Participant: 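Would you mind keeping the following structure in view while I ask a few things?
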Amino acid sequence: MYEQVEKPKENRSRAVANSVTQKKSNVKQGFGFVDNRPRSIIQKKIQEIGSISAQTNVDMGVVQRSIMSRYRWGAYFAGLPNNQARCNAIDTGEARTTIRNIANANGDITNRVITLHVWQNNAWGNIGTVTIDRSPRAATQGPLLPGAPALPGAGYDDSELTLHTAAAGGGNAGVATHLFPAVLRWINANLRGVQQLNMNPAGGAASKSVIEQLGGSVGRAHEHGVANIDRANRRNAGGPPIAGGNLNTWDTRLNAEHLHELESLDNGLAGLSLSADGMSLAGPAAPADIAAMQAQRDYFANTLTAGVDPVVNNAHPDAAYFQAAGALTNVMIAADPRAAARLLRMARLTSRSGAHGRGGAPDAGYQINMTGAALAHIMPNAVQP
């Protein structure tokens, strides 16, 4: 009934950072997400191929690789399964995308799968996908008898889209870091009638990158600016970049910048909803928020008191996050639930897999929903009828 989505190969994610990193910019765009990372040398050189005769210091090795990758793309593309078509979400000498439609038994297109391919070690390869789930149209009343069962809706449409990576658990950093915003730009350029966008980026690099880009696009400028300063300080101190393949799991050197991005998104923008660990971090509060925060608080307080957990303990280098979370009172949570939720979220991230090389459970990532003004800000073309 459905075509099977091929699982990505996870051992090539590092190549993405060397192929598709975008030009640094502090200007908010009308669609997609702002990518604040500098372009790699490879991509800079790829973009210079058209004017190579005017250059005096071009790395000819890079140019030759790009020419070879373009030469071999045709044969690689012809051998791809499932009738994939070319897609311009990403299109450089060493990174390209394809798209294929998945249909049900009735021929209705239920999903679109955009796949990222990169040139590495003198060969093209698929490193992962972003899947766009379409929404079924509403059912209609049976026309013959009163009270007859509803008839199925006529196929699927693009009114509600859900995006998610094929690599669960943040295992493919490059796919989420670069393909997610590229797919958003593709949606804005090619689809119409979009009324709601749901994003479920995997934990780890996916969520870090998407939250950063979302803060740059719709977050409050002051808090996002502070986050940018935090990022610059981390990089100047030798901290690894998110896209470098070294931060597939949580790294507490990101805590300061990530916290400020979350603060920037708590901006009251209509149509934006952000949640994680059962707690609302932006948008309308959920009825279960207070209970979820109290449960998170109790977990840290009780775990620290027991003193037997290998990760959440007072000897952890960033135990201050655990201690602050465990010290929250019901009055403090009720008085400023968003600040409490952010504090608890940072404590959770600090306890997650990869923080200071320790164990811990993998992070489940964020649930992001956009409608109305928030969606129109991100995708002014796609929201048109």
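Just so it is clear, the model here is predicted, and its values are computed rather than measured. The basis for the numbers below is simple: all heavy atoms, side chains too, and nothing from hydrogens, waters or symmetry mates.
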Participant: Are Gln213 and Ser217 close enough that a side-chain donor and a side-chain acceptor fall under 3.5 Å?
Facilitator: no
Participant: Does the side chain of Gln84 come under 3.5 Å of the side chain of Thr98 through a donor N or O and an acceptor N or O?
Facilitator: yes
Participant: Please name all residues satisfying salt bridge (charged side-chain N to carboxylate O under 4.0 Å, His left out) with Arg86, sequence neighbours left out, ordered by chain then number.
Facilitator: none
Participant: Between Gln294 and Asn330, do the side chains contain an N or O donor and an N or O acceptor separated by less than 3.5 Å?
Facilitator: yes
Participant: Carefully, step by step, assess Asn314 and Gln323 under the rule side-chain hydrogen bond (donor to acceptor under 3.5 Å, both in side chains).
Facilitator: CA-CA 8 Å; Asn314 288 306; Gln323 295 161 357; 2.9 Å; yes
Participant: Verify whether one side chain among Arg185 and Asn188 offers a donor that lies under 3.5 Å from an acceptor in the other.
Facilitator: no
Participant: Return each pair, listed once, that meets ring-ring contact (aromatic ring centres under 6.0 Å, His included) where at least one residue sits in residues 318-337; pairs must be two or more places apart or across chains.
Facilitator: Phe300-Phe322, His316-Phe322
Participant: Give the intermediate values and the outcome of salt bridge (charged side-chain N to carboxylate O under 4.0 Å, His left out) for residues Asp158 and Arg112.
Facilitator: CA-CA 11 Å; Asp158 297 321; Arg112 299 182 179 95; 2.9 Å; yes
Participant: Taking only residues two or more places apart in sequence or in another chain, which ones pass side-chain hydrogen bond (donor to acceptor under 3.5 Å, both in side chains) with Asp133?
Facilitator: Asn111, His164
Participant: Checking Asp298 now: which residues fulfil side chain to side chain contact (heavy atoms under 4.5 Å, CB included) with it, not counting sequence neighbours?
Facilitator: Asn302
Participant: Going by atom types only, do Asn200 and Gln367 share a side-chain donor-acceptor pair under 3.5 Å?
Facilitator: no
Participant: Taking atom types as modelled and ignoring hydrogens, do the side chains of Ser275 and Ser280 form a donor-acceptor contact shorter than 3.5 angstrom?
Facilitator: no
Participant: Answer with yes or no whether the side chains of Thr350 and Asn255 bring together a donor and an acceptor at under 3.5 Å.
Facilitator: yes
Participant: For Asp266, enumerate each residue passing the salt bridge (charged side-chain N to carboxylate O under 4.0 Å, His left out) test, keeping only those at least two apart in sequence or located in another chain.
Facilitator: Arg338, Arg342
Participant: Counting only pairs under 3.5 Å, give me each side-chain donor-acceptor contact of residues 72-81, with atom names and distances, residues two or more places apart or in other chains.
Facilitator:
residue, atom, partner, partner atom, Å
Arg72, NH1, Asn122, O, 2.9
Tyr76, OH, His117, ND1, 2.8
Tyr76, OH, Asn126, N, 3.3

